Amino acid sequence: MKYKTLKGLQDILPPEIAVWHHVENISRDIFKNYGYQEIRLPIMEATDVFIRSIGETSDIVEKEMYTFQDKGSRSVTLRPEGTASFVRAYVEHHLYNNPAPQKFYYMGPMFRYERPQAFRYRQFYQIGAEAMGIDDPKLDAEIISMISAILKSIGLEGLNFEITSIGCKKCRPDYRTALKNFFSGKLDRFCSDCQRRYDANPLRILDCKVPSCIESRKGSPPVLDYLCGECKEHLDRLRSYLGLLKVQHTVNPNLVRGLDYYTKTAFEVSSENLGSQSAVAAGGRYDSMVEEFGGPPTSGIGFAMGMERIIPLIKNSAGGTDGPDLLFCPMGDKASEKAFLLTEQLRAKGLWVEMNLEDTSLRSQMRKANRIRAQHIIVIGEDELKNNKVVLKNMTSKEEIAAAIEIKELLKIISDRK
RNA sequence: GUGAGUGUAGCUCAGCUGGUUAGAGCAUCUGACUGUGGCUCAGAGGGUCGAGGGUUCAAAUCCCUUCACUCACCCCA
């Protein structure tokens, strides 16, 4: 084999596409009910768009971006996630001038240069949404409830919703200092990654899974104790709204997002059935990114869900698809030409029509009709041409009906029996 | 970037401690008294056994190297 897909990329073939459409259609329907409109964004941006938003020290920026120079020597990057591009567009097109909240959704491929693994690809597809201009936690609750509605409608079970608050510009620095103070004396007890994290992003030490680090960080100051009044109230109200909407969830103070732009609310939806890549959807609030991108102070909240993680969770996803409404089985050149014409004419009338293009035995044509699940067939040969009559056979009921070789009549018979 | 596992037909795999033209099931195509399918039966096509090197009279099988894939760590959707 000469060529193969690049590592971590995959072809999605027709049988599976049906499931993708299923997920996409449900999402679109529910987004519509919640007032979200589709937005389509480029799959690459100036590299700075991602560095400035996701964070210089984040894993994504440090080692996972597909970055290259274009022919004009500009550094461009294939988007590793959707929100940064979205905020760029939001500011570029002054979308904040529309009545708040402005709500958008998108679906499309993202790119991260990681070692592929089960449910993890280098090109992966996300469905995401962003709601802008309102900092009331009702919006947080609404978006989490919407995710729940989508996933429930898709039919997923065994999902856990976790939420937390990671503070804001005002209170996070205090917490950061408190953490560093706590760790500073015993840094040698942590793994090399954590020692690096100490300077880069001490919050990530809380998420380390190395046993000695888990042990050594016991008694570290809890995030929630350091939230400012505003952040604390935000979280409390979010919880009460989620309760009102009956969205089951737990608070996980150690939930750490890999993106630096989050403020206040962060959340993650995980599945028990995905092995080690358990995150199905995740998101959070970002109340200062618009301003950092040159727009007016505007709060925002968004999420993304991973298609490759949702699709394997869908049960009995393999559905048998029907074949063409009609298949012509011509015998001989003359008949084949007539069938060729009729096929085109009936297609123009809105039917799915196929014909056997190879001159093989009727038996083999019938076999093929069966295999492609043709709903009806018409055998057309010398006799049929001479008499201007054909027999239309229903392949499931075996019922046969005589008909004139005439578009209107064929169309009517097939439409009636569909 | 680190660690482990696996590479034989389109797919799933068999091939024991090395021994003649490498197998099965499924799938594909064809045929079964010349124009009617799904079942059955018969047959056909399809593999440089991931690649390169080595040991041997002899390698899919043993050794080395390499590549690819998979899973896990890190991190994440």
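The chains referred to below are lettered A, B, ... by the order of the sequence lines, with proteins before strands, and numbering in each begins at 1. What you see below is based on every heavy atom in this structure, not just the backbone, and it leaves out hydrogens, waters and symmetry mates. Because the structure is predicted, anything quoted here is derived from the model rather than measured.
Between A:M366 atom CE and B:U34 atom P there is a gap of 16 Å when expressed in whole angstrom units.
When heavy atoms are screened at a 4.0 angstrom cut-off, A:E62 is found touching no nucleic acid atom at all. Heavy atoms of A:A118 sit under 4.0 angstrom from primed sugar atoms or phosphate atoms, though from no base atom. A:F119 comes within contact range of at least one nucleobase, with a heavy-atom separation under 4.0 Å. Residue A:V280 is classed as a sugar-phosphate contact, given heavy-atom separations below 4.0 Å to backbone atoms only. As judged by a 4.0 angstrom heavy-atom cut-off over every strand, A:R371 is placed among residues touching the sugar-phosphate backbone only. Note on A:S58: nothing from the nucleic acid sits closer than 4.0 angstrom, heavy atoms only. Within the 4.0 angstrom heavy-atom criterion, no nucleotide atom of any strand lies near A:I147.
Taking every heavy atom of residues 390-402 of chain A and every atom of RNA chain B, pairs under 4.0 Å involve A:K393, A:M395, A:K398, by number.
Pairing for B:U36 is absent, judged as Watson-Crick or G-U wobble with the two contacts each under 3.5 Å. B:C16 makes up no base pair with any nucleotide shown, lacking Watson-Crick or G-U wobble contacts both under 3.5 Å. With a 3.5 Å ceiling on both atom-pair distances, the Watson-Crick or G-U wobble partner of B:C71 is B:G3. The partner of B:G47 is absent, by the rule that a Watson-Crick or G-U pair needs both atom distances under 3.5 Å.
Salt bridge present: A:E45 and A:R88 bring a charged side-chain N and a carboxylate O closer than 4.0 Å. A salt bridge links A:D136 with A:R237; the closest basic N to acidic carboxylate O contact falls under 4.0 Å.
Between the base of B:C76 and the side chain of A:R309 there is a donor-acceptor pair shorter than 3.5 Å.
Closest to the A:E64 side chain, of the nucleotides B:C75, B:C33, B:U30, is B:C75.
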